[in-house]
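All chains are named by letter (A, B, ...) in the order of the sequence lines, taking the proteins before the strands, and each is independently numbered beginning at 1.
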Protein chains: 2
Amino acid sequence: MIRLYHDWVPTKVDHEERRHQIAEAVVRIAASRGLQAASMREVAAEAGVSLRLVQYYFHTKQELLAWVLAYLGQQLGRRMTRAVAAQPASPRTFLYAALTALLPTDEESRRIVLAYAAHFTLTLTDPDQEPGLSYANALRDLVAERFGQARVNGDPSTKAAIALALVSGLQLSVLAGQHTGEEAVALLTSHLDEAFRTPGAA
Amino acid sequence: MIRLYHDWVPTKVDHEERRHQIAEAVVRIAASRGLQAASMREVAAEAGVSLRLVQYYFHTKQELLAWVLAYLGQQLGRRMTRAVAAQPASPRTFLYAALTALLPTDEESRRIVLAYAAHFTLTLTDPDQEPGLSYANALRDLVAERFGQARVNGDPSTKAAIALALVSGLQLSVLAGQHTGEEAVALLTSHLDEAFRTPGAA
DNA sequence: ACAGTCATGATACGGCTGTATCATGACTGG
DNA sequence: CCAGTCATGATACAGCCGTATCATGACTGT
């Protein structure tokens, strides 16, 4: 007889944690050898599990990659939140902390941003690229709000878009080895200094 | 008997033009379906030639991709040069024209920048990523020189690095559909306006 | 006219890919 | 204690990948 109401407690292993573990393996591979090297078998080996396990928790590769993308976004978000929480709530210090947190300054952030960049490039040509957009727009609005709270002249929304695009560019320049993380932070600071300087305007 | 001095005129077909034709096929594929879809067979089909031909002109896939990368850089350079040549030599108009030319504003530039981005991401994790760097540094020096010629306050080199990182970020934001090409141009203009505004400084 | 190289075609090969199938312990509720 | 689901392992399969090989016209300098 078929159980129509099986209220199953996952028991045994924590699926979320396993997925987390496998996703971390994907990130490590993507950051070291590139996302194109992240085959199902490689991921399984890197995570120390069998191929079947990866298939079990993520039925298809697309599903795995989507989960990894969400995982990366969440990691970046946590990073930003933590950096912001340690700062006073002044709009200027908030923006400095929040945007700096997005730069690849240490090994962990470098891995995250690198994997994110690889994934981002893939989504540019796949016909289902929207998901990252809402996140980006929310971030833009958040930054714009703070720019508005500060009394900068000019459109806060414009300033926010510029600052975020600059952060993206700085991320890439660090990943490419053109700047160090510290240099990128310095450049971002320089830009924010100029953006916040209100020159004799009315 | 072996000819030690065969001064062979390639005759028949122009190798350079064939390579150009095949490289264009790679760019089209990369821009529409992603660089990972650019297999040798797909490239051959897109270029309307046989697989053997692609192998003939580029012995290996690495060689093909390297050639495509150079081709893209050259295309971007030509684009910038042309835009600059049409402008008066004022440092400000020069920078506006040069940097705007790098943004994906029409279909051609969109294809080029998209393919370039895909290739760039690949080089981030491959152990031979330097080639693009010298080009980037040369560009940075060029922009810094113009910033120096204009009488902006602050370090010209810093301003140049910021402007170029901003351009990279704007490129990506357009490719991701976050901004239109026109919006990106407006944002870049806004930034340059602010960078060139010399506020009551000595 | 002939030998040699260029240019191109057809096809084969081993390897890796994502996914599916079969099997089997481990633990569950009834 | 037994039937069923969970969780995991081993392995198979079809397809595409990059590359290599064999073959063959077309044209060359001598």
Problem - For atom CG of B/Leu53 and atom C1' of D/dT19, their distance in whole Å - result: 16 Å
List the atom pairs, with distances to 0.1 Å, where a side-chain N or O of residues 161-171 of chain A and a protein N or O form a donor-acceptor pair under 3.5 Å, not counting sequence neighbours.
{"residue": "A/Ser168", "atom": "OG", "partner": "A/Leu164", "partner atom": "O", "Å": "3.3"}
{"residue": "A/Gln171", "atom": "NE2", "partner": "A/Leu102", "partner atom": "O", "Å": "2.7"}

At less than 4.0 Å, is any side-chain N or O atom of [X] found next to OP1 or OP2 of [N]? Yes or no.
X: A/Tyr56; N: D/dC6; result: no
X: A/Tyr57; N: D/dT8; result: yes
X: A/Ser50; N: D/dT8; result: no

Check salt bridge (charged side-chain N to carboxylate O under 4.0 Å, His left out) between [X] and all other residues, then give those that pass, not counting sequence neighbours.
X: B/Arg140; value: none
X: B/Arg82; value: none
X: A/Glu63; value: none
X: A/Glu183; value: none

Practice task
Would you mind checking if B/Glu194 and B/Arg197 are paired as a salt bridge, meaning a charged N to carboxylate O distance below 4.0 Å?
Solution key: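 Salt bridge between B/Arg197 and B/Glu194, a charged N being under 4.0 Å from a carboxylate O: yes.
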Handout entry: Per-nucleotide protein contact string for nucleotides 12-21 of chain C (B base, S sugar-phosphate only, - none; heavy atom under 4.0 Å)
Key = B----BBBBB
Practice task
Within residues 24-34 of chain B, find the residues that approach DNA chain C with a heavy atom at under 4.0 Å, and present them sorted by residue number.
Solution key: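 Those residues: none at all.
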Problem - Qualifying residues under side chain to side chain contact (heavy atoms under 4.5 Å, CB included), relative to A/Thr81, sequence neighbours excluded - result: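 Listed in chain order: nothing, the list is empty.
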In a table with atom names and distances, give each donor-acceptor pair under 3.5 Å that connects a side chain of residues 90-101 of chain B to protein atoms at least two apart or in another chain.
{"residue": "B/Ser90", "atom": "OG", "partner": "B/Arg92", "partner atom": "N", "Å": "3.3"}
{"residue": "B/Arg92", "atom": "NH2", "partner": "B/Asp193", "partner atom": "OD1", "Å": "2.5"}
{"residue": "B/Thr93", "atom": "OG1", "partner": "B/Pro88", "partner atom": "O", "Å": "3.0"}
{"residue": "B/Thr93", "atom": "OG1", "partner": "B/Ser90", "partner atom": "O", "Å": "3.0"}
{"residue": "B/Thr100", "atom": "OG1", "partner": "B/Tyr96", "partner atom": "O", "Å": "2.6"}

